[in-house]
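As structure tokens, the structure follows; a few thoughts come after it.
The structure presented is a predicted model; accordingly, all values stated were derived computationally and were not measured. Just so you know, these numbers use all the heavy atoms, side chains as well, and skip hydrogens, waters and symmetry mates. Throughout, a chain's letter reflects where its sequence line sits, starting with A, and its residues are numbered from 1.
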Amino acid sequence: MADAALSRRAALSATGRHAARRRRNAAATALAYAATVFGLGWLVLILGALIWNGISGLSPSVFTEMTPPPGTAGGLLNPIVGSLIMTALAIAIGTPLGMLAGTYMAEYGRHERLTGTVRFINDILLSAPSIVIGLFIYQVLVAPLGHFSALAGGVALAVLVIPVVVRTTEDMLMLVPNSLREAAAAIGLPRSLTITRICYRAARAGMMTGVLLAIARISGETAPLLFTSLNNQFWNVSLNAPTASLPVVIFLFALSPYKEWQSLAWTGALILTMAVLALSIAARALLASRKDA
Amino acid sequence: MVDIALQDRRFMMAAKAATRARALDRLRLGDLLFRYLTRAAAIAVLALLGGVLISLLIGALPALRQFGFGFLVSEEWNPVTDRFGGLAAIYGTLVTSFTAMLIAVPVGLLIGFFLTELCPRWLQRPIGIAIELLAGIPSIIYGIWGLFVFAPVLQHTLQPFLINTLGNVPAIGALFAGPPFGIGMLTAGLILAIMVLPFVSSISRDVFAAVPVVLKEAAYGIGCTTCEVMRHVVLPYARSGVIGGVMLALGRALGETMAVTFVIGNAHAVSASLLAPGTTISAAIANEFTEAVSALYTSALIELGLVLFVISFIVLAAARYLLARVARRIG
């Protein structure tokens, strides 16, 4: 009799404890769902605000006219071209250097101490504050030359390109199967040709992805350009003069008191975001196609 | 006749051998050059970091000489009298970053939990891509959105609410004192939280996914709930990876410039209230560097940059160390 009561009590408390555990589990699950909705909500809100505020100013004149003086209408042609020039310069400087460094790490010095050190430093450069890179280039290029220039802006961006390219090049070359290298060695191909003709070709999609990601990263960068390329209200394609760039113009126009400038800033922000998102989606698609192959 | 033919052939063979040797030499030289070229590039990456550090040190030298250690503890920032102290900017950097982490870490971990344990398979990729897109949005976009959309909303909703509720609580009331400006350290911290959220969630997803399935199955097998498997199996196993990811996100938050510059208010003052305008190292540099008239002013800003570089170097180095340890364990 007492035994039965006891065991019934035990069973009851067991179900009680079980219910509590299930409740806690349900609460944690609900929280996880809520967190995900919360996280993705920002993407919707930000893109929504960009489209809402930017689409009305989107017209052909944005791409054909220069930045206007306060109070008049105009476009964003010179900052768009300036951004393209500096991005191209940064890629032209950063990609070869990064690729060569990544090649050394994956092909020649795979087990060397140097490679470990470079990888560690490179990872730190990868997330180093970009404004500090701007200060660095100001110190080594702008101050000695005495003026702001597109060249300085491009070099500052190149410093941001290098770590991205080093990282992807090394990772992608590591994925190239060794049997390919052995086959090349067996027919007497020199090491450098093995790397450039065979390994690069096998890793091409991945390395292209790295370059695309680097472009996506630098095309939105503002901080390193603020005091390297500065800004320019007029048309300029000289590498030796201050040059407007889309992010810097967005920054200056958004903080200005003029309605026309603020509206141009929103339009510029929309164009910039769409370009960057398109680039990163393209990079992802490229990588996915490589995986399928 | 035969002799001549033979001689001719011998001659040709010798010539062939010579070209062959020349070609081999050329290849060998090319090989060597390529090897040294790549090695030089790898060393250049090292030199880059050294160059950043040295150039900042040289630029900061006048301010270092003038103010010494006092720079780090003085709040005064007066371009007119040429007296500079970095305390307000350093304080603002730390406060905004920690506010950001306080929000982004739990939410990011929960998203990682959702993506690895709860999410239906067909949804995993789209959500993962959406989160990475959030990471890809340039920081200036967060800035313009924060200033024109987010700050006004906060000014009329969250900030009055915090002032009226938590502002009256004795111990932490000072954190939420003062009028709701909209912009300020809290707003900057919230924007930073949104910005680093993708980093925390994608890294925690990756380290959670690396936990051996057998461990999880064993826990489920003895009747654990999903929440318990997460708390007692996955989290302890993934701990150092999670901490590494958090530190990485912290490094981003510390150095973030544009998003913060828009909404921080740019006031060189240390105030207890999170609602007050402040400044951060990166915002001070972005706002004032081109306007710095005196050499000492420029140098003080570069010294701030040096401080930022050193802080983020330490944080990022710790993050990479922890993440490398995880990577080694996974193999």
Which of [options] touches chain B most, by non-hydrogen pairs under 4.5 Å:
| options | result |
| --- | --- |
| Ile131(A), Leu277(A), Leu114(A), Leu226(A) | Ile131(A) |
| Ile121(A), Val276(A), Val132(A), Asp123(A) | Asp123(A) |
| Thr103(A), Asn53(A), Ile124(A) | Ile124(A) |

Report the distance from atom [atom1] of [X] to atom [atom2] of [Y], rounding to the nearest 0.5 Å.
| X | Y | atom1 | atom2 | answer |
| --- | --- | --- | --- | --- |
| Arg21(A) | Thr225(B) | CZ | OG1 | 5.5 Å |
| Gln139(A) | Ile58(B) | CD | CD1 | 7.5 Å |
| Arg191(A) | Phe34(B) | CZ | CZ | 10.5 Å |
| Ile302(B) | Leu135(A) | CD1 | CG | 6.0 Å |
| Leu32(B) | Ser192(A) | CG | OG | 10.0 Å |
| Leu100(A) | Leu37(B) | CG | CG | 5.0 Å |

Would you mind telling me which of [options] has the largest number of heavy-atom pairs within less than 4.5 Å of chain A?
| options | result |
| --- | --- |
| Gly305(B), Gly30(B), Ala317(B) | Ala317(B) |
| Phe148(B), Phe309(B), Phe313(B) | Phe148(B) |
| Leu49(B), Val52(B), Leu306(B) | Val52(B) |
| Gly51(B), Gly251(B), Ala324(B), Ser139(B) | Gly51(B) |
| Ile140(B), Thr257(B), Leu33(B), Leu301(B) | Ile140(B) |
| Gly143(B), Gly146(B), Gly255(B), Pro106(B) | Gly255(B) |

Q: For the residue pair Arg39(B) and Tyr104(A), confirm or rule out a side-chain donor-acceptor distance under 3.5 Å.
A: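 A donor-acceptor contact under 3.5 Å links the two side chains.
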Can you tell if the side chain of [X] reaches within under 4.5 Å of the side chain of [Y], non-hydrogen atoms only?
| X | Y | value |
| --- | --- | --- |
| Arg231(B) | Arg24(A) | yes |
| Ser280(A) | Leu133(B) | yes |
| Met258(B) | Ser130(A) | no |

Could you list the donor-acceptor pairs under 3.5 angstrom formed by side chains in residues 29-50 of chain A, with sequence neighbours left out?
residue: Thr29(A); atom: OG1; partner: Asn25(A); partner atom: O; Å: 2.6
residue: Thr36(A); atom: OG1; partner: Ala32(A); partner atom: O; Å: 2.9
residue: Trp42(A); atom: NE1; partner: Phe38(A); partner atom: O; Å: 3.4

Which portion of [X] sits near chain B, non-hydrogen atoms under 4.5 angstrom:
| X | answer |
| --- | --- |
| Thr117(A) | both |
| Leu126(A) | both |
| Ile281(A) | side chain |
| Glu112(A) | side chain |
| Glu221(A) | neither |

With a 4.5 angstrom heavy-atom cut-off, is it the side chain or the backbone of [X] that approaches chain A, or both, or neither?
| X | result |
| --- | --- |
| Leu56(B) | side chain |
| Val149(B) | side chain |
| Leu118(B) | both |
| Leu304(B) | neither |
| Ser312(B) | side chain |
| Arg35(B) | both |

Give me the atom names and distance for the closest heavy-atom approach of [X] to [Y].
| X | Y | result |
| --- | --- | --- |
| Val118(A) | Ala42(B) | CG2-O, 3.6 Å |
| Ala41(B) | Ala101(A) | CB-N, 3.5 Å |
| Leu110(B) | Ala28(A) | CD2-O, 4.4 Å |

Q: Assert yes or no for the condition that the ring centre distance of Phe120(A) to Tyr321(B) is strictly below 6.0 Å.
A: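 Ring centroids of Phe120(A) and Tyr321(B) are no less than 6.0 Å from each other.
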Q) Is any residue of residues 195-202 of chain B within less than 4.5 Å of chain A by heavy atoms, and which ones? A)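 The list, in residue order, reads Leu197(B).
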Listing, residues 247-255 of chain A side-chain donor-acceptor contacts under 3.5 Å, not counting sequence neighbours, or none:
none

Q) CZ of Arg26(B): more than 12 outside heavy atoms within 6.0 angstrom? A)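 No, CZ of Arg26(B) has 12 or fewer neighbouring heavy atoms, counting only those of other groups under 6.0 Å.
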Q: Give a yes or no on this: more than 12 heavy atoms of other residues, nucleotides or ligands lie within 6.0 Å of atom OH of Tyr36(B).
A: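 It does not: Tyr36(B) OH has 12 such atoms or fewer within range.
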Q: Please report the C-alpha distance between Arg284(A) and Glu132(B) in whole Å, then the side-chain angles of each, then the deciding distance to 0.1 Å, and finally whether the salt bridge (Lys or Arg N to Asp or Glu O under 4.0 Å) criterion is met.
A: CA-CA 10 Å; Arg284(A) 220 164 295 283; Glu132(B) 277 161 40; 2.5 Å; yes
Q) When only heavy atoms count and the cut-off is under 4.5 Å, which of residues 265-273 of chain A reach chain B? A)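 Within residues 265-273 of chain A, the residues that come under 4.5 Å of chain B (heavy atoms only) are Ala265(A), Trp266(A), Ala269(A), Leu272(A), Thr273(A).
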Q: Given side chain to side chain contact (heavy atoms under 4.5 Å, CB included), test Arg22(A) with Cys227(B) step by step and report yes or no.
A: CA-CA 9 Å; Arg22(A) 286 185 53 161; Cys227(B) 165; over 6 Å; no
